[in-house]
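Down below is the structure, laid out as structure tokens.
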Amino acid sequence: MRIARFSIDGNVAFGAVEGDKPDELVLDIIKGIPFADFELSGTKVPLSKVRLLPPVLPNKVVAFGRNYAEHARELGNEVPDAPFAFFKPSTSVIGPGDEIQYPSFTEDLHHEAELAVVIGRMCREVPRERVKDVIFGFTCANDITARDVQKREKQWARAKGFDSSCPLGPWVETDLALDTAADLTIQLTVNGEQRQLGRTSEMIHPIEDLIVNISEAMTLLPGDVILTGTPAGVGPLTVGDEVAVTIEGIGTLTNKVVKRG
């Protein structure tokens, strides 16, 4: 099931996305919230009539860096022996179609296409064999990065945590098995030109290891998001660019870069 969060006539709701053709998709509005038992209302609205929002509002976004060997090498970094985590604040999250605002403090803004894991239940110290039980689903993400700031400041709070640096969407796919998610095509285009192309099977540390690693340290809450790293091919964005992340079996997340006003 594809679960979207949307607004219509000033109201915000969740809905199940139905249909196959892009111009014929509809939303069946959900009664309640998708992280608990819910029912489909049977009230349907065309996707074209709503504004898609970030599919979840995470308490925290936990991101893992340098989890694809070729990406680590393209930036001159060593491949870490263990998962390497950092955080993006909830205020960095935007949805499909929202604008990525180019910050005034950087001159080298980069895209990073990533598979995002959405947590479905409160959990801590998750054993590897139970990871599948705490996952709600998967979505597309773009870990927007001020590369010059990242290099200059060493720690990544400003470089990766600024407003609009974490596009998510377009929805959460809940029917992907963990084994399937472990080998999906992930690609990114800028103005229609392919920049990144890889497979999630190229991750150094698989999804299970990432969730085991971070849940050893902290409690994960429903709606929290885990970013799993980006394949090689990261590069600059400029004002006016349209950047799209497409992940096999999930969908396409598209955003435009604008100058921060």
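What you see is a predicted model; the values in this text were computed from it and never measured.
- With hydrophobic clusters built from ILVMFWY side chains whose heavy atoms lie under 4.5 angstrom apart, Val45 does not share a cluster with Leu40.
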Inset, instruction - Apply the test side-chain contact (heavy atoms from CB on, under 4.5 Å) to residues Val245 and Asn255: give CA-CA distance (whole Å), side-chain angles for both, the deciding distance (0.1 Å), then the verdict. - result: CA-CA 9 Å; Val245 177; Asn255 301 90; over 6 Å; no
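- Within 6.0 Å of atom CZ in Arg51, 12 or fewer heavy atoms from other residues, nucleotides or ligands are found, so the atom counts as exposed in its surroundings.
- Remark: Arg128 engages Asp209 in a salt bridge, criterion side-chain N to carboxylate O under 4.0 Å.
- Thr145 and Lys160 share a donor-acceptor pair across their side chains, judged by distance under 3.5 Å alone.
- Of all heavy-atom pairs spanning Ala181 and Leu115, the tightest one is O-CD2, 3.8 Å.
- Between Tyr102 and Thr238, the closest heavy-atom pair is CE1-CA, 4.3 Å.
- Leu253 and Cys140 get closest at one heavy-atom pair: CD2-O, 3.7 Å.
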Legend entry - side-chain contact (heavy atoms from CB on, under 4.5 Å) assessment of Leu220 paired with Lys60: CA-CA 8 Å; Leu220 301 176; Lys60 54 186 170 292; 4.0 Å; yes
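- Taking the charged nitrogens against the carboxylate oxygens, Arg130 and Asp133 do have a contact shorter than 4.0 Å, which makes a salt bridge.
- Contact between Thr219 and Asp224 at its shortest, heavy atoms only, is O-OD2, 4.4 Å.
- Nearest approach of Phe138 to Leu176, heavy atoms of both residues: CE1-O, 3.6 Å.
- A salt bridge does not link Glu18 to Arg2: none of the charged side-chain nitrogens sits closer than 4.0 Å to a carboxylate oxygen.
- Taking the centre and axis of the six-membered ring of Phe35, the NZ or CZ atom of Arg121 falls outside the cone set by 45° and 6.0 Å.
- From Glu112, atom CD reaches atom NE2 of His71 across 4.5 Å, with rounding to the nearest 0.5 Å.
- Looking at every heavy atom in both residues, Ser164 comes nearest to Glu99 through CB-O, 3.7 Å.
- Aromatic rings from Phe64 and Phe84 are positioned such that their centres are separated by 6.0 Å or more.
- Ring planes of Trp156 and Phe86: perpendicular class, angle over 60° (limits at 30 and 60°).
- For the atom pair Ile144 CD1 and Ile100 CD1, the distance stands at 4.0 Å (nearest 0.5 Å).
- Separation of atoms CD (Glu70) and OG1 (Thr230) is listed at 12.5 Å; rounding is to 0.5 Å.
- In this structure, Glu248 contributes its side chain and Thr185 its backbone to a donor-acceptor pair below 3.5 Å.
- Side-chain atoms of His110 and Gln150 form no donor-acceptor pair, as typed in the model, at a separation below 3.5 Å.
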